[in-house]
Amino acid sequence: MPRITLPDGSVREYDDRTSGAIIAESIGKSLARDAVAIRVDGELRDLTREIESDASVAIVTRDSEDGLELLRHDAAHVLAEAVKELWPETQVTIGPAIENGFYYDFAREEPFTEDDLEVIEARMRDIVDRNESIVREVWDRSEAVEFFRSIGEEYKAEIIASIPNDEPVTLYRQGDFIDLCRGPHLPETGRLGKAFKLTHVSGAYWRGDSANEMLQRVYGTAWAHDKQLRKYLHMLEEAEKRDHRRLGRVMDLFHFQEEAPGAVFWHPKGWNLFQSLIDFMRQQQNAAGYQEINTPELMNRSLWEASGHWDSFADNMFTSETVDGRTYAIKPMNCPGHVQVFKQGITSYRDLPYRLAEFGKCHRYEPSGALHGMMRVRAFTQDDAHVFCTPDQITDESIAVCNLILGIYRGFGFEDVRIKFADRPEVRVGDDAVWDQAEAALLKALETAGLDYTHNPGEGAFYGPKLEFVLRDAIGRDWQCGTLQVDLNMPGRLGATYIGEDGEKHIPVMLHRAIFGSLERFIGILIEHHAGNLPLWLAPVQVKVLTITSEADDFAEEVAARLQAAGLRAETDLRNEKIAYKVREHSVSKIPVLFAIGQREVETGSVAVRRLGSKKQQVLSVDEALDELLTEVREHR
RNA sequence: GCCCACAUAGCUCAGGGGCAGAGCACUUCCUUGGUAAGGAAGAGGUCCCCGGUUCAAAUCCGGGUGUGGGCUCCA
């Protein structure tokens with residue numbers, strides 16, 4: 001007679017046997033229909049599994065977060081069943097739920113094609129219609145291994161070996177398909193519904209290791225209801241519309257071409273945007289006590305050997321052999337150059353902290369498959385800086401860097417910023433004792449500043465641990481941009497010293513920091529975040545002055561000249577076209593402010609102002625319009 | 001680097017073993033029009049590159065390069 005406590009605190013007693021399905025049914029028909037699993041004393045379980053003893057339970061419905069994840073996991077199983085029916089020689093491996101959907105990795109000689117997706121999806125719908133029962137079975141480990149071997153599922157056998165000994169080995173059977181799985185699952189395939197869609201195929205390494213064989217991965221999306229599926233597909237279309245590669249062309253900002261993979265050709269407007277970011281950053285970091293420098297892009301191999309890059313970063317470096325037989329490397333980072341500047345000037349602890357900044361163009365040889373528009377390139381400009389300081393100053397300087405970074409992100413409208421703490425990687429330079437010290441210093445700064453963070457084990461730079469600053473854009477995507485790294489290795493390797501208060505030589509600590517990370521990438525993120533509708537202070541062309549008749553040409557030129565004299569980026573459009581045509585064209589290319597000038601405006605010395613995204617116009621005197629814009633630009637500074 | 005797909009006019013794309021196509025953009029002409037495409041005419045091509053098959057290849061096959069979606073890696 002189990003006593004079942006429900007989330008509202010009420011208690012129900014059942015006859016000697018009960019289950020999630022029975023409980024849901026006893027509460028209500030619609031709950032029973034929407035139930036996908038049950039939480040028993042906190043543990044997620046199958047609806048059909050018997051509950052033997054007293055427990056606190058909560059029915060999990062398809063609309064809940066847990067329920068949706070379970071649906072997606074079931075969709076992966078139905079996908080695997082469909083594939084096994086269609087191509088029985090295929091081996092199944094793993095198939096988890098992921099954000100917005102699911103995937104399943106298959107081992108198969110012949111890869112899946114996009115056309116196969118439709119065939120598989122149709123079979124998946126059949127399986128949902130068949131409404132097969134999904135039955136949980138607990139197996140003996142060695143029997144399970146033997147079973148999977150006998151049906152040619154070597155990967156499954158391998159997975160069982162990695163299941164901890166104290167965990168039961170459970171299999172789920174649906175129709176003729178049987179799969180190793182922790183569960184829980186739906187009671188039957190019909191409950192999955194049809195709000196799913198296979199989206200793409202790709203390769204994926206077994207266990208995520210590039211040394212292993214490549215499997216065929218099929219991705220899909222799955223939702224509780226059709227409406228949500230449609231909404232998601234619509235969101236994907238919207239995301240495509242804000243793709244920086246498309247907008248970069250429409251807005252005439254930049255282009256790429258075959259001869260320079262992973263390198264940007266900046267057009268006048270794009271370069272203007274680029275310079276606006278630099279102006280803003282320069283102003284902020286100068287105020288924060290940084291001094292700007294510039295260091296060589298090409299330096300002799302010996303320097304890179306001394307810094308440790310030649311050993312730890314060689315695969316990512318472009319090199320150049322000269323006719324005299326010397327080897328130079330194009331800088332992949334600015335730090336060794338900055339140490340050289342430090343060594344030329346600083347001798348006293350009194351000069352520390354010493355903060356050097358550079359908008360440094362770096363080149364890294366990235367694997368061809370990693371390149372992606374401006375988000376991942378081979379040639380990029382870092383807003384890089386290095387703070388040389390004493391060990392005692394690490395905490396204060398780190399806090400100052402965190403505040404600078406968060407403040408600058410706010411200036412761009414990014415309020416939602418997360419911090420990750422990345423510690424020592426496998427390939428690294430320096431003693432573990434030094435790493436202990438560096439990691440502790442960063443953690444202390446985070447705690448003192450009262451900042452929340454998550455741990456990112458093994459992801460530090462080869463010379464030191466780091467904080468990664470991740471910002472979330474308007475459509476919920478995360479981008480790692482800023483970074484702060486504590487380096488107790490490189491200054492010593494490159495022979496940097498200062499004289500301390502004690503009259504002895506000491507090796508300075510070096511903090512590496514970047515805020516945009518890469519200017520190229522940050523601009524890509526900004527474009528997508530704003531869907532191309534850049535805020536006024538950043539727009540490469542802020543105002544376009546359009547004439548309605550050629551009678552207005554002179555006045556339009558005069559207005560544009562006044563805007564330019566006031567420091568605004570303004571252009572005229574005097575073409576022999578209708579005003580609707582001009583408005584459309586400049587709206588498409590995302591000009592934030594349009595001034596239209598016809599006979600009426602010429603006579604009254606006014607302009608008809610139209611803002612991007614609005615269909616309304618406002619007739620203002622030139623002075624009023626100018627004031628309004630200047631105020632808006634100033635507010636962002 | 002690995003798996004899959006794709007590459008045709010400036011852009012978006014159709015086509016397909018036998019003369020290279022559309023829309024938009026561009027040029028010229030007409031139009032001076034009041035807020036998201038006015039009309040007409042014209043020009044524009046190494047069908048990504050290199051090989052192969054074929055009487056004939058932009059089309060089929062092989063290799064390369066680039067791009068896209070993933071994997072691995074990362075700012």
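Worth saying up front: this structure is predicted, and the values here are computed from it rather than measured. In what follows, chains carry the letters A, B, and so on, assigned in the order in which the sequence lines appear, proteins first and then strands, with residues in each chain numbered from 1.
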Need the pair for [N]. Rule: Watson-Crick or G-U wobble, both distances under 3.5 Å, any strand; none if unpaired.
| N | result |
| --- | --- |
| B/rC71 | B/rG1 |
| B/rA22 | B/rU12 |
| B/rC29 | B/rG39 |
| B/rU53 | none |
| B/rU65 | B/rA7 |

Roughly, in whole Å, what's the span from [atom1] in [X] to [atom2] in [N]?
| X | N | atom1 | atom2 | result |
| --- | --- | --- | --- | --- |
| A/K578 | B/rG33 | NZ | C1' | 5 Å |
| A/E577 | B/rC29 | CD | P | 13 Å |
| A/R600 | B/rG34 | CZ | C1' | 6 Å |
| A/I591 | B/rA36 | CD1 | C1' | 14 Å |

Has A/R610 got a side-chain N or O lying under 4.0 Å from the OP1 or OP2 atom of B/rA36?
-> yes

Span that lies between the [atom1] atom of [M] and that of [N], in whole angstrom:
| N | M | atom1 | answer |
| --- | --- | --- | --- |
| B/rA5 | B/rA9 | C1' | 24 Å |
| B/rG45 | B/rG10 | C1' | 12 Å |
| B/rG23 | B/rA40 | P | 11 Å |
| B/rC6 | B/rG42 | P | 36 Å |
| B/rG52 | B/rA20 | C1' | 24 Å |
| B/rU65 | B/rG51 | C1' | 15 Å |
| B/rG38 | B/rC24 | C1' | 16 Å |
| B/rG15 | B/rA58 | C1' | 10 Å |

Mind listing the residues from residues 102-123 of chain A sitting with a heavy atom below 4.0 Å of RNA chain B? Number order is fine.
->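 By residue number: A/P111.
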
Interface with RNA chain B, restricted to residues 246-271 of chain A and to heavy atoms under 4.0 Å = A/R249, A/E258, A/P261, A/G262

Not counting sequence neighbours, which residues clear ring pair (Phe, Tyr, Trp, His ring centres under 6.0 Å) with [X]? List them please.
| X | result |
| --- | --- |
| A/Y104 | A/F106 |
| A/H529 | A/F414 |
| A/Y409 | none |
| A/H267 | A/H255 |

Quick one: side-chain hydrogen bond (donor to acceptor under 3.5 Å, both in side chains) partners of A/W206, sequence neighbours excluded?
-> A/E158

Taking only residues two or more places apart in sequence or in another chain, which ones pass side-chain hydrogen bond (donor to acceptor under 3.5 Å, both in side chains) with A/R477?
-> A/D473, A/E528

Does [X] reach a base, just sugar-phosphate, or nothing at all? Heavy atoms under 4.0 Å.
| X | value |
| --- | --- |
| A/A608 | base |
| A/G360 | nothing |
| A/A514 | nothing |
| A/Y365 | sugar-phosphate |

Please determine, for the side chain of A/I548, which listed nucleotide (B/rG34, B/rG1, B/rG38) has the closest atom?
-> B/rG34

To check you understand the geometry: which heavy-atom pair defines the closest contact between [X] and [Y], and what is its length?
| X | Y | value |
| --- | --- | --- |
| A/P367 | A/R378 | C-NH2, 4.0 Å |
| A/G373 | A/R245 | CA-CD, 3.9 Å |
| A/V541 | A/P592 | O-CD, 3.3 Å |

Residues [X] and [Y]: side-chain donor-acceptor under 3.5 angstrom:
| X | Y | answer |
| --- | --- | --- |
| A/R282 | A/Q275 | no |
| A/E520 | A/T381 | yes |
| A/K331 | A/T295 | yes |
| A/D573 | A/H586 | yes |
| A/D105 | A/Q216 | no |

Sort and list the pairs that fulfil salt bridge (charged side-chain N to carboxylate O under 4.0 Å, His left out) and have at least one residue in residues 611-621 of chain A, not counting sequence neighbours.
->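 For residues 611-621 of chain A, and leaving out neighbouring residues, the salt bridge (charged side-chain N to carboxylate O under 4.0 Å, His left out) pairs sorted by first residue read A/R611-A/E632.
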
Quick tally for nucleotides 22-27 of chain B: nucleotides whose base has a protein heavy atom under 4.0 Å get B, sugar-phosphate-only ones S, the rest -, giving ---S--

How does protein reach along nucleotides 69-75 of chain B, written 5' to 3' as B (base within reach of a heavy atom under 4.0 Å), S (only sugar-phosphate), or - (no contact)?
-> BBBSBBB

With syn defined as a glycosidic angle within 90 degrees of 0 and anti as anything else, the base of B/rC29 is anti

Which residue pairs pass the side-chain hydrogen bond (donor to acceptor under 3.5 Å, both in side chains) test with at least one member in residues 546-555 of chain A, sequence neighbours excluded?
-> A/T547-A/K582

